[in-house]
Amino acid sequence: MVKPRGICPTGGYWKAARCCIIDIHKMPYFTRIILFLFCLMVLAESRKPRRKRWTGHLEISKPSHSYKKNLDVTRIRTGKPQPLLRVDDHDFTMRPAFGGPAIPVGVDVQVESLDSISEVDMDFTMTLYLRHYWKDERLAFSSTSNKSMTFDGRLVKKIWVPDVFFVHSKRSFIHDTTTDNIMLRLFPDGHVLYSMRITVTAMCNMDFSHFPLDSQTCSLELESYAYTDEDLMLYWKNGDESLKTDEKISLSQFLIQKFHTTSRLAFYSSTGWYNRLYINFTLHRHIFFFLLQTYFPATLMVMLSWVSFWIDHKAVPARVSLGITTVLTMSTIITGVNASMPRVSYIKAVDIYLWVSFVFVFLSVLEYAAVNYLTTVQEWKERKLREKFPCMCGMPHSRTMMLDGSNSESEANSLARYPRSHILTEEERQDKIVVHLALSSESSSSRKKGLLKGQMGLHLFQNTHAIDKYSRLIFPASYIFFNLIYWSVFS
C-alpha cells in the first residue's frame, strides 16, 4: 500500500528517514533497492547517541548532598547593599576627632637592611618596615568574633592616614613588587595598624677629621608634614623597644655599634612646633682595609727611599731614579685616597700621615742633592789645590789650618826647618789657601781644642759619606717617633 502524495507519515521508517512522498511505482526496480538501502543507513545513524557540541565553558558537576556551601560575605546581594565599613558616610579628609585634642599616633620601625654608606655624598640608604598605630572610630564595625580585617593599599586612598615623612631625605620609595607593599589592618573598636615597606636615602653629617680612624653617628628623622603637635602627637609606641633590627645587618667598611631612638620637638618659624622622632645609629669604621691600601704602601715607600743612603754617592742614576720613583708613588697614593673622599676644608688624619710620609721621601731626595753638591765642591777645591801644590810630601802628622792675614809672623817663621819652597810669602797668606802645617806636641791645650773642632767640621765636608751615615740613623728614628705619636693620638 502506497501513501498518497503530499502526506508525510508520523512513524516507522518514514519518520526516521525524513523523506518526502514519492511515487514508488513509477521508479525502476534498481532505484527502489538503492533508495531502500539509503533509508536503512539514515535510520541507523539516527539511533546513534549524539555528541555534545563544545561551547568553550567547563561543566560544573552538581555538588553532593554531603557538601556544605560556605557563605560568601563579599557577594553583592540584590537590593540595597549593607557595607561592613561605612567609608562613604564620613569625610576622611579630616583627621579623627577633628576639633578636639591631638590624636596620638604610635610608631615602630623594623630595620631590614642598611644598604650603603657614602662618604662622597655624605648619606646612607636604609630599608625598613614603618608601622603606624592610631584609633579612628569612624572605621569601627560590628563583629561577633572580634576579629580584625586586613586590606591592601587600595583602601588607604579612601581613609585618613598620618602624613609622616622623612626629614633630610634625598630619595625614598615604597616597594611595589609584586603589588604595593602596604598593609592596613582594622579592628572592631576602630584601632588601625598601617604598615609599609620603604627604602630611604637620607643625609648624614659626617666628620672626617679622624678618617679613617673615625666613628660616625647618623640619624633618620620622622615627622608629620602638615599636622602640628596640637593636631597630631607622634611618639614611639614602645619606647626603645619600638626599634628592631635584623641580626644579619652588616656593612663591609663599618661595624654597627648600636641603634637607639629619641624624640623631641622641632620648630618652624612659619608653621609652628612638630613632633619629630629619631632613629640613631653609630658606625665604627674598619681600619684593616685602609692599612692594606694606604698606610702599608706609604710606609714601604718611605723605607724604600732610605735605600739610597746605602748606595754610593757617585752612582747618580741609581739614586736619582730611586728618589723620583718614591716621590711619584707617594703622589699617586695621596691622589687615590682623596678621589674617594669629599672635598672638605679641614685636614684628615690620613692626610697628616700621607703628607708627612711624602716629606720624608722628599727629604731623602734633597739629602742626595746636598751630598752631590758638596762632593762636587770638594772635588773642585782638591783640583785647585793640586794645581798650586803639586807636591805635599814630607809633612808627617799633618793638621788642617786656614791662614789668613790675622796670623802672626812667629807662626809663619816656625816653618823655618822646611825648604823655602814650602814657606808662604805675605801675599800667599792673604789668599786664604789651605796648607798642611806640622804642629808640635808642645802646643797649648786650648789651641789643640780649637784645631780639633776645625778638623771635625772640615772632615764632615771633606768626607761626604758622613752625611749618608747620619741619615741612616736620623731618618728611621724620626719616622718611628712620628708613628708613635700619630697612632697614640688618633687610635
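A quick note: this is a predicted structure, and the numbers were derived from the prediction, not measured.
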Is the shortest side-chain heavy-atom distance between [X] and [Y] below 4.5 Å?
{"X": "Val111", "Y": "Met126", "result": "yes"}
{"X": "Met206", "Y": "Asp214", "result": "no"}
{"X": "Thr245", "Y": "Ile256", "result": "no"}
{"X": "Ile174", "Y": "Asp176", "result": "no"}
{"X": "Lys170", "Y": "Asp121", "result": "yes"}
{"X": "Asp152", "Y": "Thr179", "result": "no"}
{"X": "Glu112", "Y": "Tyr129", "result": "yes"}
{"X": "Ser357", "Y": "Tyr479", "result": "yes"}

Does the salt bridge (Lys or Arg N to Asp or Glu O under 4.0 Å) test come out yes or no for Lys314 and Asp312, once each step is laid out? CA-CA 5 Å; Lys314 296 181 180 180; Asp312 186 9; 5.7 Å; no
Verdict with supporting geometry, Leu114 and Phe281, side chain to side chain contact (heavy atoms under 4.5 Å, CB included): CA-CA 11 Å; Leu114 193 58; Phe281 55 95; 4.0 Å; yes
How far does [atom1] of [X] sit from [atom2] of [Y], to the nearest 0.5 angstrom?
{"X": "His260", "Y": "Ile279", "atom1": "NE2", "atom2": "CD1", "value": "11.0 Å"}
{"X": "His286", "Y": "Leu251", "atom1": "NE2", "atom2": "CG", "value": "8.0 Å"}
{"X": "Phe358", "Y": "Asp351", "atom1": "CZ", "atom2": "CG", "value": "13.5 Å"}

For side chain to side chain contact (heavy atoms under 4.5 Å, CB included), just list the numbers for Arg95 and Leu232, CA-CA rounded to whole Å, side-chain angles, deciding distance to a tenth of an Å, and then say yes or no. CA-CA 9 Å; Arg95 68 173 179 86; Leu232 189 145; 5.9 Å; no
Is Arg285 close enough and on-axis enough to Phe211, meaning under 6.0 Å and within 45°, for cation-pi?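 Geometry flag: not set, cation outside 6.0 Å or 45°.
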Distance flag, aromatic centroids of Phe166 and His168, threshold under 6.0 Å: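 No: the rings miss the under 6.0 Å criterion.
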Would the Phe98 and Trp160 ring centres measure less than 6.0 Å apart?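 Not close enough - the centres of the two rings lie 6.0 Å or further apart.
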Please answer whether the main-chain N or O of [Y] pairs with a side-chain N or O of [X] as donor and acceptor at a distance below 3.5 Å.
{"X": "Glu230", "Y": "Ala102", "answer": "no"}
{"X": "Asn372", "Y": "Tyr368", "answer": "no"}
{"X": "Thr294", "Y": "Leu291", "answer": "no"}

Return the minimal non-hydrogen interatomic distance between [X] and [Y], and the atom names on each side.
{"X": "Arg131", "Y": "Ser195", "value": "CG-OG, 3.5 Å"}
{"X": "Thr228", "Y": "Trp273", "value": "CB-O, 3.3 Å"}
{"X": "Pro297", "Y": "Ile333", "value": "CB-CD1, 3.8 Å"}
{"X": "Asp163", "Y": "Ser224", "value": "OD1-OG, 2.8 Å"}

Please test Leu277 against Asn275 for side chain to side chain contact (heavy atoms under 4.5 Å, CB included), starting from the C-alpha separation and ending with a verdict. CA-CA 7 Å; Leu277 305 181; Asn275 293 109; 5.7 Å; no
Taking atom CZ as the centre, does Phe288 end up with more than 12 heavy-atom neighbours from other residues, nucleotides or ligands that are less than 6.0 angstrom away?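 Not more than 12 within 6.0 Å, no.
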How far apart are the C-alpha atoms of His191 and Tyr133, what are their side-chain angles, what is the distance that settles it, and do they pass the side chain to side chain contact (heavy atoms under 4.5 Å, CB included) test? CA-CA 7 Å; His191 281 87; Tyr133 303 85; over 6 Å; no
With no hydrogens and no angle check, just 3.5 Å: does a side-chain donor-acceptor pair link Tyr353 and Asn483?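 Tyr353 vs Asn483: donor-acceptor pair found between side chains.
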Between the side chains of Lys248 and Asp246, is the shortest nitrogen-to-carboxylate-oxygen separation below 4.0 Å, so that they form an ion pair?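 Between Lys248 and Asp246 there is no salt bridge, as every charged N stays at least 4.0 Å from the carboxylate O atoms.
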